[in-house]
Each structure stands twice: as C-alpha cells, then as structure tokens.
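Single-structure report; data block below.
Every chain is numbered from 1 and lettered A, B, ... according to where its sequence line falls, protein lines coming before strand lines.
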There are 2 protein chains.
Amino acid sequence: MSDSTPATIEDVARIAEVSIATVSRAIHNPEKVAKSTRLKVNQAIAITGYTTNAMARSLRLGRSNMILVVAPDIGDPNFSSILVGLENEARSHGYGVLIGHTQNDAQRALEYLKFLNSNQAAGLILFTGILPFGHDTMTARLPPSVGIFEPVFNGGIPYVGVDDMEGARKVVDLLIAEGHRKIAFIGDSRTRLAYKRRRAGYDAGLDAAGVPAELRLVQEGDGTLESGRAAVERLFVRDTLPTAFMCVNDQTALGVMIGLKARGYDIPGDFSVTGFDDVPQATFMTPALTTIRQPRTSIGKHAMALLLDLLSSRQPAETEILLRPDLVVRNSVSVPSARWLAR
Amino acid sequence: MSDSTPATIEDVARIAEVSIATVSRAIHNPEKVAKSTRLKVNQAIAITGYTTNAMARSLRLGRSNMILVVAPDIGDPNFSSILVGLENEARSHGYGVLIGHTQNDAQRALEYLKFLNSNQAAGLILFTGILPFGHDTMTARLPPSVGIFEPVFNGGIPYVGVDDMEGARKVVDLLIAEGHRKIAFIGDSRTRLAYKRRRAGYDAGLDAAGVPAELRLVQEGDGTLESGRAAVERLFVRDTLPTAFMCVNDQTALGVMIGLKARGYDIPGDFSVTGFDDVPQATFMTPALTTIRQPRTSIGKHAMALLLDLLSSRQPAETEILLRPDLVVRNSVSVPSARWLAR
DNA sequence: TTGTAAGCGTTATCAT
DNA sequence: ATGATAACGCTTACAA
C-alpha cells in the first residue's frame, strides 16, 4: 500500500484483474467499458492511489498539459493579477502554468522557446512587448498562442486586451463634465497599440464635446514617472496651461502630481490629474488617483479560455477580445480652478 | 529541413552517421565520445535544430525538470518579487517553474499534489500558510521541498526566510535612538513564527535599552489594516499612550496611521509609526512609511538554490537560511512629541 | 569509442 | 467489451 514508488497503470490492472488497456479506457472513455468493470477499476485506483504519469501520457500523446506564460517582467504587480486569472482558468481545465520571465531579453526568450520545442508546453501566452523569438518565420513553429493586451506578430496571434479607447473616453467625458476645456494629454510615444488607442480616445472625447484640439497640450513621454514630471515642466514653459492633466498611465500621473506639487500647486484644487491602469499604489497617492481600472483577473481568464479553445480547435478563434475598463473615481479630479478660468 | 514534426534523436543520429546512443552521450557526456564524433553530432544537431524531448527524457529518468511553486495567493504583490528570484535561479539551472495558487483551500492544494504524484514536478517550493495536503504522513510522499518564510511540517522541510528578530531590533533601536521610551507593539497573534520573532525583537530591543516592558502597550491583532486601527482605539482607552507605534507589518501600520489621523493627530509630529515588510505601497503612504525591507528576490533565489541542491543531494541541506533585512528610513518616525513628554 | 537493446508508463490500433 | 501489442523519444547497462 504505502509503496515507495508510485502506482502505475499496471498495478491497477493487476488488482482490478483486467488489462492495462481496459484501465486506460475506464479512465478516459468510461462509456466504452462495462459498468461492472468500471467499478473494479475505480476500486483498484482508490486502493493504489494511482495517478496517471503525465510524462508518459504526454510522450504518447505528443503534447503536454502545460501552458507557457512568457512576460517581460513577472515582478510587475500588474502581472500577478492577470496571472491569477490565467492560472485559475488553466487549472480548472487540467492544465498547469509554466512561467517565463524575459526581462525583454531576446536571449532569455529563446531559452523559453526550448520549452515549446521540447514539447513541454502545449500553448503559449505572450505578454506585450516580447515577441522576441526571431521573426515571422518563427510564427510557423509557434504552438497555439494568445497575446495579452496587444496583437502579436501583426495580428497573426489573437489577443485579449482592454478597450483602451473606451477607457480614455470615460476619462475625457468625466473631465469635460466637470467643466474642463483645456485638457493636456501626457502620452507614451512607444509603439504600444494601447497608447495610441488611449490617445485616440482623448481626441475623440474632445471632438465629441466640441472642444478644439490644441496640439500644444499634447506631450509625448515614455510612460515613466520621470516623463510625467518632465511634461509638466515643458507645459509650464508654454503660455497655454491646461486645467487638467490626462495621463496615459498611472506612473505618468504620479510624475505629473509630483511635478505640480513641486511647483506648489494643489491637486485637485489647482489642477486635476487622471491616470490609466489603476495600479495598486493609485489608492495611496495623495490625492488618491482617479483612473481607469484594467480588469486584470478577467483578462487572464479570457486569454486562457481562448487559448484552451484554440488547443481543442473548437473554434475558428476570434482574433481580438476587448474587455470593458471601468472608471474609478477618487480624489484627483474636481472642477477647473477659478484661478485659471479667470485669466 | 523545415519539417513539420520536430527532429528526434534518431534524425540527428542518421545525419551524423552514428547511433542514437552516441548522440545522447555526445550531449550529456561529451567527454565520453571522440572529438571527431562530437563534431559530427553537433553539426547534425545544428542542421536539424534538434532539441531533446523533455517528456521522453523525464519519463526515462523518472523525474522532471520542473519545480512546483505553491502559494496561497499568487496575486499578492509580495509574491511576485520572490517569484522573480525563484524563476531566475531555476532557469539558469535548466529548470522550469510551475505555479500553483491555493487560496488557502485544501481542495486546490490537493489538485496540485497531483502534479507531484504524476511526476510533473521534481521539487516543491511552499509558501507559508499552506502545508495543506493532509498531515504528517504526507511528508513521506513529498519530493524535495523548501519552504519560504517559515518552517513547514514542524521543521521537516528546510526553509529560507528573513531574520525577523534582527529586523525588529533595527526598528526598536531606531525608535530608541530617536528618544522614544513608550513604544507600543501592534502584533499578530496568528501562528506564524515570523510574528513571534518580531515580537521577540521588540522585547529584546527594549530590554537592551533598559526600557521596562509595559504589557499594556502590546496589542495583538491579526495583521490586517483593520486590526491596526482597532489597536489604536484600544490604546486610547487606556491611560498610557505610547509615543511610537511599532507594527508587525505594513498593513497594520497603515491601519494605525488611519486611526491616528482620524483622531486628528499628525504623523510623525504627534506619533511615530513603523511597519515591517516594505510593501510597494509603503512609499506612497502619507507620510511615507519607515519599515523593514524583505529582500524578496534574494529569498526566492536562495530558496530555489537550496532546493536544487537538495535535488542533486549534494548537501545534507541546512534546515534554515535567514537573510538580513534592511531598515528603510522614510518619514513616519521622528522624535517623541513634546506634548506627551510634558505629561 | 561505439552500438545494441531494454524499458520508462502511456494510449491506440487491431484482434478477439 | 476486452486484451495484446506497438510506439512515443529517450538514457543507460552491457557488448563489441
């Protein structure tokens, strides 16, 4: 009973007094074996504590029950919530999640490719910004894959993201509703599609409200705290100051707040500031940041579900799933300061 | 060349004009094959793009190259930094990291046990608070394992943690140096060893400074924000107020700060507050929290290294590795308020 | 130094 | 409805 080596299908077969083929069938095609036999097998399994050896199974089947999740930075707090969604969905379908951390390093990424080549992973979840393994030719060798946040390989791979444009619209609409007309946009000029979409939402929102776009109010940064602070400095040099700063992400918003405070301004008394992402720190900023929440766990869940569908090739696979982001109203937005309106 | 199915060892052997045994040897025991043969094999490998099929290898070897990491909450931001350390170390030794998320649910944990039974993982990293699989008898069935933060199964499993007592000492010493004598300790009465040790550090620090311990200043909570707030209320009912609140963790400290602010006090003007852990939000609290930093990435690295050692049974394995925590001085501590000293 | 062959635990094909 | 058996790709005695 308390054997040192784990029970194999053969042990089960011996105890149940059937062949190993029958045991295998009893497990995977119960309807193809007689009820009485099934019973015997189940008892034998209970007695032995048998579990299928996944290695042998994968070898035989030619594919594993692992999904490789590759991200540039698994230490990113944004990553972990998505991981929860990915993991839950995978587990409930009998899949395990293998994680890889590329640090945006192609060499690292290549090492993970080996997990795929060596059949250790049946599918792949790719986080934005990676797609590092070689080039187009690579696509052919890739197993069923799903991207997170953005299309990969020019749309060759389906992805799950958030409707950035809608999120940005919600922000602009709030700002407009509060009475703001001079709204700066601190963007991110890096190539992520998400950033472009947030900018598009800004443009569309202004347009819908009949507010003429002022290009001088649009500052391109790189999504870092520092670039937010720098944008404030640049804006203060011009003669046109905004009454609100709409930022491409929370990091940038934090930078903007720091820059504004350094100049002695009050938020939201003198200027309103908004972010995007709702990072964990957003609640703790002073003032607490009004921003857009990414439904992270949900993104993970959907991405994994899509991948699992791909694996069983049940569906032709949608190429894009966009989730609805929510506006989180906290304390960094109020009406435009009379100080500027007066000018 | 651009075959649809991945190359096997047989393809390599055919091209190199040797037997598959020689190929295997050329890969894993290069010194046991002639230089010229090795060359031929390497060329053939390059031509075919061969990668060892990990499934077949693991099946044959009887163990995999995966490490299962089981945590109660993989969404916890503290988890992700440790994960980075774990992952880096594993990868650099050719191991992959499989993650499991138990949500403190024994049922979930059991599902992961299957990964072990089915030979999908060669080793196990356990985060505090899990040890959910059955009881002692289980220990026998466990593969080489390492705990994080705390001993598992009464020390049956080695672990890597932080020297909590030393960390707590650093906090007390700081407080004492600033002139505090009435220092409250807001603890966590749950069974984690770490909490006991932090308390021990508090006691030792007071003792070393010749400050008599006042039991009334010690409040036991449960590590949550709410328990910090509650502790403040309880303390204010007594007649002995502290000048500083030393908290068992950052969450509790946040609760204390909220409670104090609600009563109209200034931090650190009226009271000093300290935490432990240095969670990401600590910088963003107002005031920024003075706390103890857990060397998370390093913990992960050491834990994985220890496990890998265990796997190759090179060492008798130390049962405890305690890392040195650092004091992070920010703005929540200053000298005791004259207001209280005057009393 | 190299080759032959057994066997790791499965699943699936083909008989029965 | 069930059983025998080949094959998945690899590592490692054992022989040569």
Side-chain angles (χ1 to χ4, degrees), chain A residues 3-42 44-45 48-66 94 114-120 122, chain B residues 3-42 44-45 48-65 94 114-122:
Chain A
D3 223 321
S4 62
T5 66
T8 74
I9 200 171
E10 220 154 341
D11 299 325
V12 177
R14 195 176 331 106
I15 294 184
E17 297 179 299
V18 296
S19 74
I20 61 170
T22 300
V23 175
S24 180
R25 269 188 298 253
I27 296 173
H28 301 287
N29 298 81
E31 74 283 1
K32 305 194 87 180
V33 357
K35 203 166 186 176
S36 60
T37 317
R38 202 156 56 216
L39 211 69
K40 281 193 298 180
V41 171
N42 286 337
I45 289 179
T48 54
Y50 168 77
T51 332
T52 307
N53 180 318
M55 294 310 169
R57 177 161 220 263
S58 297
L59 174 58
R60 176 62 230 241
L61 257 35
R63 69 195 168 76
S64 80
N65 61 149
M66 302 268 80
K114 291 194 179 157
F115 278 117
L116 298 174
N117 286 339
S118 63
N119 269 311
Q120 288 200 83
Chain B
D3 223 321
S4 63
T5 66
T8 74
I9 199 172
E10 218 154 342
D11 299 326
V12 177
R14 197 177 329 106
I15 294 183
E17 298 179 301
V18 295
S19 75
I20 61 170
T22 300
V23 175
S24 180
R25 270 189 295 254
I27 295 172
H28 302 287
N29 297 82
E31 74 283 0
K32 304 194 88 179
V33 349
K35 202 167 186 173
S36 59
T37 316
R38 201 157 56 216
L39 211 69
K40 281 194 297 180
V41 171
N42 286 337
I45 289 179
T48 54
Y50 169 77
T51 332
T52 306
N53 180 319
M55 294 310 169
R57 178 161 220 264
S58 296
L59 175 59
R60 175 63 229 241
L61 258 33
R63 71 196 167 77
S64 80
N65 62 150
K114 291 192 181 158
F115 278 117
L116 298 174
N117 285 338
S118 63
N119 268 309
Q120 288 201 81

statement: Here the pair of heavy atoms bringing A/L59 nearest to B/L59 is CD2-CD2, 3.4 Å
query: Nearest-Å distance, CG (B/L61) to P (C/dG9)?
result: 13 Å
- prompt: Can you tell me how far P of C/dC8 sits from CG of B/N119, to the nearest Å?
  reply: 13 Å
field: Atom pair CG (B/N119) and OG (A/S58), whose distance is rounded to the nearest 0.5 Å
entry: 11.5 Å
message: Over all strands shown, is A/S58 touching base, sugar-phosphate only, or nothing at heavy-atom distances under 4.0 angstrom?
response: nothing
- prompt: Which whole-number value in Å describes the distance from B/E10 CD to D/dA7 C1'?
  reply: 11 Å
field: Proximity to DNA chain C (any heavy atom under 4.0 Å), residues of residues 18-32 of chain B only
entry: B/V18, B/S19, B/A21, B/T22, B/R25, B/K32
Side chains of residues 16-35 of chain B: which donor-acceptor partners sit under 3.5 Å, not counting sequence neighbours?
from  : atom 1 : to    : atom 2 : distance (Å)
B/S19 : OG     : B/A21 : N      : 3.4
B/S19 : OG     : B/T22 : N      : 3.3
B/S19 : OG     : B/T22 : OG1    : 3.3
B/H28 : ND1    : B/R57 : NH2    : 3.1

- prompt: What closest approach, in Å, do B/T51 and A/S118 show between heavy atoms, and which atom pair accounts for it?
  reply: CG2-CB, 4.5 Å
- prompt: Between B/N42 (side chain) and B/L39 (backbone), is there a donor-acceptor pair under 3.5 Å?
  reply: no
- request: Please report the shortest heavy-atom distance between B/M55 and A/M55, naming the atom on each side.
  value: SD-SD, 3.6 Å
message: Nearest 0.5 angstrom please: A/I9 CD1 to A/T52 OG1, how far?
response: 7.0 Å
message: Over all strands shown, is B/L59 touching base, sugar-phosphate only, or nothing at heavy-atom distances under 4.0 angstrom?
response: base
Side-chain heavy-atom pair B/N65, A/F115 within 4.5 angstrom cut-off: yes
- request: Have a look at A/T51 and say if it touches a base, only the backbone sugar-phosphate, or nothing, with a 4.0 Å heavy-atom cut-off.
  value: sugar-phosphate
- line: Closest heavy-atom pair, B/A122 versus B/S64, reported as atoms and distance to 0.1 Å, is CB-O, 3.3 Å
message: How many whole angstroms separate atom CE of A/M55 from atom C1' of C/dG7?
response: 17 Å
message: Let's see if you get this right: which residues in residues 33-42 of chain A place a heavy atom under 4.0 Å from DNA chain D?
response: A/V33, A/A34, A/T37
Rounded distance in Å - CG (B/N53) to P (C/dT10): 17 Å
- request: Figure out the CZ/C1' separation between A/R14 and D/dG3, and round it to whole Å.
  value: 16 Å
